[in-house]
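Inspection log for the structure reproduced underneath, given as structure tokens.
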Amino acid sequence: MIRLAFLGCGKIAKAHAKRLRKHKADVTVGFASRESVRADAFAKECGGTSFGTYEDALGSADVDAVAIVTPPDSHKDLALRALAAGKHVVLEKPPVPRAADFTPIAEAAAAAGKQVFVAENYQYKPLLRRIRGLLADGLIGDVLFVHVNAIKYQDGAKDWRASYGALYEGGIHWIDFMASLGLPVAAVRGHRPAPAVTPERSMMVSFEYGGGPVGVLSYSWEVPATAKGLRLSKIYGRAGSITFETNGLWVLLHGKKTRIYIPGLRDLAGYGAMWADFVQAWKTGKEPAMTLAQARKDLELVEEAYATAGVS
Ligand SMILES: NC(=O)c1ccc[n+]([C@@H]2O[C@H](COP(=O)([O-])OP(=O)(O)OC[C@H]3O[C@@H](n4cnc5c(N)ncnc54)[C@H](OP(=O)(O)O)[C@@H]3O)[C@@H](O)[C@H]2O)c1
């Protein structure tokens with residue numbers, strides 16, 4: 001049994017806690033907040049225990065693991081404190097401020113003999129798994145172009161997100177997607193549309209993949225949504241193409257065969273598969289599919305996109 005405490009009682013903490021009910025034979029949940037009344041309310045609503053402060057959860061002998069679900073600039077410090085206290089760690093995305101922050105975290109995890117997982121659910125999206133399979137089976141032949149349209153409207157000014165770049169805060173999901181198609185990323189370059197707003201709210205990232213394919217990710221929080229945010233993306237190869245609703249509602253293969261797929265409406269975002277994998281990883285001591293190396297690579301790609309686009 002893993003006794004998991006959420007550090008921070010916000011939106012994603014509640015969503016994850018509710019999803020973890022499916023694993024109640026293996027995981028119990030608790031809640032820690034800067035305001036003890038909030039932790040109590042979460043414990044009441046979601047089921048579980050509450051802690052008066054983050055410190056109380058970190059110091060508790062009744063906690064085996066913490067999920068750090070606070071704004072990103074607090075993640076590194078909380079992860080290091082948790083590992084020093086002998087807890088496993090789940091880090092929400094974006095996992096840390098800088099890719100280099102993974103070095104002290106990996107060292108602390110090794111010293112403590114504890115696991116650190118990054119909750120990058122896009123790694124578990126049924127859409128990604130379907131497309132990766134179609135590409136691996138060669139159903140559109142040699143891949144030429146990957147066009148991912150992840151343009152939407154998100155009010156980034158309302159909460160702590162106001163001070164973070166959109167590609168770093170939200171687009172990192174799609175960076176992970178672009179980097180996990182089974183096509184090795186050789187290089188990326190960022191492009192920022194002008195006139196620019198600060199912090200960055202729209203970015204294009206071009207990809208060069210090993211062996212020749214090229215790709216482009218368009219990511220924005222600035223464009224009012226059409227058709228409830230439905231967007232189309234496309235991968236072109238010499239023997240056909242794959243068209244997909246960007247979030248993964250459906251996939252149309254037109255290549256060596258023609259098929260329409262509904263990859264997984266029940267777990268569109270991949271959270272269910274992610275937690276199942278994390279629970280398994282705690283039980284076996286093995287690394288989950290979303291590895292720390294992949295999480296670090298994703299962040300390095302964001303940093304490279306910003307550096308080449310001149311975003312500081
Ligand atoms: N994987 C996904 O799909 C997904 C979706 C949404 C968010 N996220 C990530 O999850 C993390 C939390 O996001 P969220 O949407 O849950 O945010 P949120 O609703 O604002 O909750 C964040 C919580 O962090 C705590 N906190 C600690 N220091 C804070 C500060 N300086 N300002 C504001 N809150 C602070 C607060 O809890 P207490 O007051 O109780 O301590 C707050 O409720 C972020 O890293 C975000 O990128 C991931």
Side-chain angles (χ1 to χ4, degrees), residues 4-20 29-46 48-58 66-79 81-82 89-98 101 105 116-128 150 152 154-177 180 199 219 221 229 246-248 267-275 277-278 288-290 294-295 298-299 302:
L4 174 71
F6 288 93
L7 303 186
C9 294
K11 289 182 286 298
I12 203 72
K14 189 177 285 184
H16 286 328
K18 289 187 173 171
R19 261 174 222 114
L20 277 166
V29 294
F31 301 92
S33 173
R34 297 169 301 171
E35 309 252 355
S36 62
V37 287
R38 197 155 39 239
D40 291 342
F42 267 55
K44 197 169 168 201
E45 180 179 342
C46 304
T49 52
S50 64
F51 300 90
T53 63
Y54 297 174
E55 275 312 320
D56 288 351
L58 289 170
V66 295
I68 298 172
V69 284
T70 51
D73 61 3
S74 58
H75 290 185
K76 177 187 172 190
D77 175 56
L78 286 171
R81 283 160 60 195
V89 170
V90 178
L91 278 171
E92 247 309 339
K93 55 56 54 181
V96 277
R98 307 282 309 171
D101 296 331
I105 289 175
V116 178
F117 306 153
V118 172
E120 178 46 83
N121 49 295
Y122 275 39
Q123 188 63 218
Y124 297 88
K125 249 176 158 338
L127 170 72
L128 174 66
K152 63 174 177 177
Q154 177 170 320
D155 190 347
K158 270 193 181 148
D159 55 15
W160 53 265
R161 286 173 178 81
S163 58
Y164 291 89
L167 184 72
Y168 169 78
E169 208 290 313
I172 194 164
H173 282 310
W174 289 107
I175 293 282
D176 184 68
F177 182 92
S180 303
Y219 188 77
W221 285 356
T246 302
N247 264 321
D267 193 28
L268 203 59
Y271 296 121
M274 181 186 81
W275 281 111
D277 192 34
F278 287 178
M290 181 63 207
Q294 180 66 49
D298 292 348
L299 206 41
V302 171

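Heavy atoms only: backbone and side chains are in, while hydrogens, waters and symmetry mates are out. In each ligand, atom 1 is the first atom listed, and ligand 1 is the first ligand listed.
- With a heavy-atom cut-off of 4.0 Å, E120 does not touch ligand 1 at all.
- Counting only heavy atoms from C-beta outward, the side chains of S33 and F42 never approach each other to under 4.5 Å.
- Heavy-atom distances between N121 and ligand 1 reach below 4.0 Å in at least one pair.
- Of the possible polar contacts, none joining the D176 side chain to the Y122 backbone as a donor-acceptor pair under 3.5 Å is found.
- Judged by distance alone, with hydrogens and angles left aside, the side-chain atoms of H75 form no donor-acceptor pair with the main-chain N or O of L91 at under 3.5 Å.
- If you check which protein heavy atom lies closest to atom 34 (N) of ligand 1, you get R34 NH2, 3.5 Å.
- In this structure, the protein non-hydrogen atom closest to atom 2 (C) of ligand 1 is Y271 OH, 3.3 Å.
- The shell of residues lying under 4.0 angstrom from ligand 1, judged by heavy atoms, excludes S74.
- Checked by atom type and distance alone, the side chain of D267 pairs as donor or acceptor with a backbone atom of Y271 at under 3.5 Å.
- Judged purely by atom type and a 3.5 angstrom limit, D101 uses its side chain to pair as donor or acceptor with the backbone of R98.
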Side-chain polar contacts of residues 4-17 - donor-acceptor pairs under 3.5 angstrom, sequence neighbours left out - could you list them?
| from | atom 1 | to | atom 2 | distance (Å) |
| --- | --- | --- | --- | --- |
| K14 | NZ | E45 | OE1 | 3.1 |
| H16 | ND1 | W275 | NE1 | 3.0 |
| H16 | NE2 | E92 | OE2 | 2.7 |

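- Every atom of ligand 1 with a heavy atom of S33 under 4.0 Å away is listed here by number and element: 38 (P), 39 (O), 40 (O), 41 (O).
- Counting only heavy atoms of the protein, atom 11 (C) of ligand 1 lies nearest to T70 O, 3.5 Å.
- Contacts of E35 with ligand 1, taken as heavy-atom pairs under 4.0 Å, are absent altogether.
- Nearest protein heavy-atom contact of atom 27 (C) of ligand 1 is Y54 OH, 3.3 Å.
- Proximity of L127 to F177: side-chain heavy atoms (C-beta onward) are separated by under 4.5 Å at one or more points.
- K44 and D40 are not joined by a salt bridge, as no carboxylate oxygen comes within less than 4.0 angstrom of a charged side-chain nitrogen.
- For R161, every heavy-atom contact with ligand 1 shorter than 4.0 Å involves the side chain, none the backbone.
- Applying the salt bridge (charged side-chain N to carboxylate O under 4.0 Å, His left out) test to R161 and every residue at least two apart in sequence or in another chain returns D159, E169.
- Atom numbering of ligand 1 starts at 1 in the shown order; those under 4.0 Å from a heavy atom of H173 are 1 (N), 2 (C), 3 (O).
- Closest protein heavy atom to atom 37 (O) of ligand 1: C9 N, 3.2 Å.
- If you check which protein heavy atom lies closest to atom 13 (O) of ligand 1, you get W160 CZ2, 3.5 Å.
- Not a single heavy atom of A269 sits under 4.0 Å from any atom of ligand 1.
- Around atom 46 (C) of ligand 1, the closest heavy atom drawn from M274, R38, E169 belongs to E169.
- Residue contacts with ligand 1 for V69 involve N, CA, C or O but no side-chain atom from C-beta outward (heavy atoms, distance under 4.0 Å).
- The protein heavy atom nearest to atom 8 (N) of ligand 1 is E92 OE1, 3.8 Å.
- With hydrogens and angles ignored, the 3.5 Å screen pairs a side-chain donor or acceptor of Y164 with a backbone N or O of D73.
- Shortest contact from atom 45 (O) of ligand 1 to any protein heavy atom: K93 O, 2.9 Å.
- Checking only distances, I12 does come within under 3.5 Å of ligand 1, N or O to N or O.
- Tested against E120 for a side chain to side chain donor-acceptor pair (under 3.5 Å), the candidates Q294, H173, K93, K125 yield a single pass: H173.
- Near G8, with a cut-off below 4.0 Å to any heavy atom, the atoms of ligand 1 are 37 (O), 40 (O), 41 (O).
- At least one side-chain heavy atom of T246 sits under 4.5 Å from a side-chain heavy atom of W174.
- Between P71, A41, G10, it is P71 that holds the heavy atom closest to atom 26 (N) of ligand 1.
- A donor-acceptor contact shorter than 3.5 Å links the side chain of N121 to the backbone of A269.
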